[in-house]
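For reference, the structure is listed below as C-alpha cells.
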Amino acid sequence: MIICPNCGNEELPGALFCKECGTQLTDTARDPTLAIPSSIADQIRQEKPDQVAQNVPPTPNDARLSLFLVDTGEVIPLEGLSEYTLGRSSEDQPILPDVDLASYHAYDYGVSRLHAAIKVSQPNVVLIDFGSANGTQLNGQKLSPNKPYPLTHGDIFTLGKMKIQLLVNR
C-alpha cells in the first residue's frame, strides 16, 4: 500500500494521486529523470519556436480525443465539437453539459452541473474550470476558475473527486 503524505489515506500500489485529497503520490522506485542534452533542446527550440515559447505541447491536427474515467475504466470519445462542457445532468436543469457524467456517479464524486470545459483549438487543447463548487485539479494542482490550462496526452484531471485522463488517439 502507498500512504498519502498529505492526508494518510492508503492507496493501492501504482496509484498516481490520492483519491481522498488529490495529492500526487511519489514513487521512489522510478528511474531518475534524465536531462535532454542542450544540443537537442536547442534544435527543438529552433524547429518549433512558437510552441516552445508558449510551453504548450501540440495536439496533432488529425488527433481524436477521449476521456478515460480512471475509477471505472470507461472511455468517452470526444468527437465533432471544438468545445466540450463537462458536468452532470439533473432534473429541471435547463442547460445540459456536452459530456454528461451523471451515469458515472458524478454526483457522488462532487461534479458540478456545469463543472468545466475542454476547448480544442488546433494544435492546442485546454481545460477551464467554471468556478465549480468542489474545484478542478490538473495533475494534482488546483486550477483557478475561468483560466485556461494546457492539456496533453496522459494528463489526469479531477472534477471534484472524479479522476479523468485525457487520451489523444492518432
Side-chain angles (χ1 to χ4, degrees), residues 1-36 54-59 63 65-78 83-93 95-120 124-169:
M1 297 300 275
I2 298 173
I3 306 297
C4 175
N6 187 44
C7 70
N9 182 51
E10 291 186 358
E11 290 290 336
L12 294 174
L16 299 175
F17 298 94
C18 175
K19 66 182 170 187
E20 291 300 315
C21 68
T23 298
Q24 185 172 1
L25 303 173
T26 57
D27 184 2
T28 56
R30 291 184 185 174
D31 293 332
T33 302
L34 300 175
I36 297 175
Q54 294 176 7
N55 198 21
V56 177
T59 300
L65 304 177
S66 299
L67 301 179
F68 174 70
L69 304 180
V70 175
D71 293 330
T72 65
E74 304 271 349
V75 176
I76 302 170
L78 301 180
E83 181 175 347
Y84 301 89
T85 55
L86 308 174
R88 62 177 172 81
S89 61
S90 65
E91 290 183 24
D92 301 325
Q93 180 180 344
I95 300 173
L96 299 175
D98 297 315
V99 179
D100 185 0
L101 300 168
S103 62
Y104 304 102
H105 308 286
Y107 179 82
D108 297 332
Y109 284 104
V111 176
S112 297
R113 290 181 183 101
L114 288 175
H115 197 107
I118 294 177
K119 289 187 179 184
V120 181
N124 301 317
V125 178
V126 296
L127 175 66
I128 302 168
D129 176 78
F130 287 147
S132 57
N134 293 312
T136 302
Q137 293 185 3
L138 175 57
N139 296 324
Q141 301 298 313
K142 185 171 173 55
L143 303 186
S144 297
N146 303 309
K147 181 179 174 190
Y149 292 85
L151 279 177
T152 59
H153 174 74
D155 281 347
I156 296 177
F157 59 94
T158 58
L159 305 179
K161 291 186 179 180
M162 179 179 275
K163 291 181 191 174
I164 302 172
Q165 183 175 35
L166 180 74
L167 302 177
V168 179
N169 309 310

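- Checked against side-chain contact (heavy atoms from CB on, under 4.5 Å), Tyr107 has the following partners two or more places apart in sequence or in another chain: Arg88.
- Looking at every heavy atom in both residues, Glu74 comes nearest to Tyr104 through CG-CE2, 3.7 Å.
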message: Please determine whether side-chain contact (heavy atoms from CB on, under 4.5 Å) holds for the pair Ile118 and Val126, giving the CA-CA distance in whole Å, both sets of side-chain angles, and the decisive distance to 0.1 Å.
response: CA-CA 6 Å; Ile118 294 177; Val126 296; over 6 Å; no

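- A search for side-chain hydrogen bond (donor to acceptor under 3.5 Å, both in side chains) contacts involving Tyr109 returns Asp71, not counting sequence neighbours.
- With hydrogens and angles disregarded, no donor-acceptor distance shorter than 3.5 Å links the side chain of Ser89 to the backbone of Asp100.
- Contact annotation: the side chain of Pro97 never approaches that of Leu86 to less than 4.5 Å [non-hydrogen atoms, C-beta and beyond].
- With Met162 as the fixed residue, the side-chain contact (heavy atoms from CB on, under 4.5 Å) test singles out one of Val111, Thr72, Val70: Val111.
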- request: Evaluate the side-chain contact (heavy atoms from CB on, under 4.5 Å) criterion for residues Leu67 and Val99: first the C-alpha distance (whole Å), next the side-chain angles of each, then the deciding distance (0.1 Å), finally the verdict.
  value: CA-CA 10 Å; Leu67 301 179; Val99 179; 4.3 Å; yes

- prompt: Where do Ile164 and Leu101 land on the side-chain contact (heavy atoms from CB on, under 4.5 Å) test, with the steps shown first?
  reply: CA-CA 11 Å; Ile164 302 172; Leu101 300 168; 4.2 Å; yes

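- Among residues two or more places apart in sequence or in another chain, the side-chain hydrogen bond (donor to acceptor under 3.5 Å, both in side chains) test is passed with Ser90 by Gln93, Arg113.
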- prompt: Can Thr152 and Leu166 be said to form a side-chain contact (heavy atoms from CB on, under 4.5 Å), step by step?
  reply: CA-CA 7 Å; Thr152 59; Leu166 180 74; 5.9 Å; no

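- Between Phe157 and Asn139, every side-chain heavy-atom pair lies at or beyond the 4.5 Å cut-off.
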Less than 3.5 Å apart, which donor and acceptor atoms pair up between the side chains of residues 8-16 and the rest of the protein, not counting sequence neighbours?
unit_1	atom_1	unit_2	atom_2	d
Asn9	ND2	Glu11	OE2	2.7
Glu11	OE2	Lys19	N	2.8

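- Between the side chain of Tyr149 and the main chain of Ser144, a donor-acceptor pair closer than 3.5 Å is present.
- Every residue meeting the side-chain contact (heavy atoms from CB on, under 4.5 Å) condition with Glu83, not counting sequence neighbours, appears here in chain and number order: Ala117, Lys119.
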Going by atom type alone, with no hydrogens or angles, which donor-acceptor pairs under 3.5 Å involve a side-chain atom of residues 127-138 and a protein atom two or more places apart or on another chain?
unit_1	atom_1	unit_2	atom_2	d
Asp129	OD1	Ser132	OG	2.6
Asp129	OD1	Thr136	OG1	2.5
Asp129	OD2	Gly131	N	2.8
Asp129	OD2	Ser132	N	3.3
Ser132	OG	His115	NE2	3.0
Ser132	OG	Gly135	N	3.2
Asn134	ND2	Gly110	O	2.9
Thr136	OG1	His115	NE2	3.1

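- The stretch residues 150-165 participates, sequence neighbours left out, in these salt bridge (Lys or Arg N to Asp or Glu O under 4.0 Å) pairs: Glu20-Lys161.
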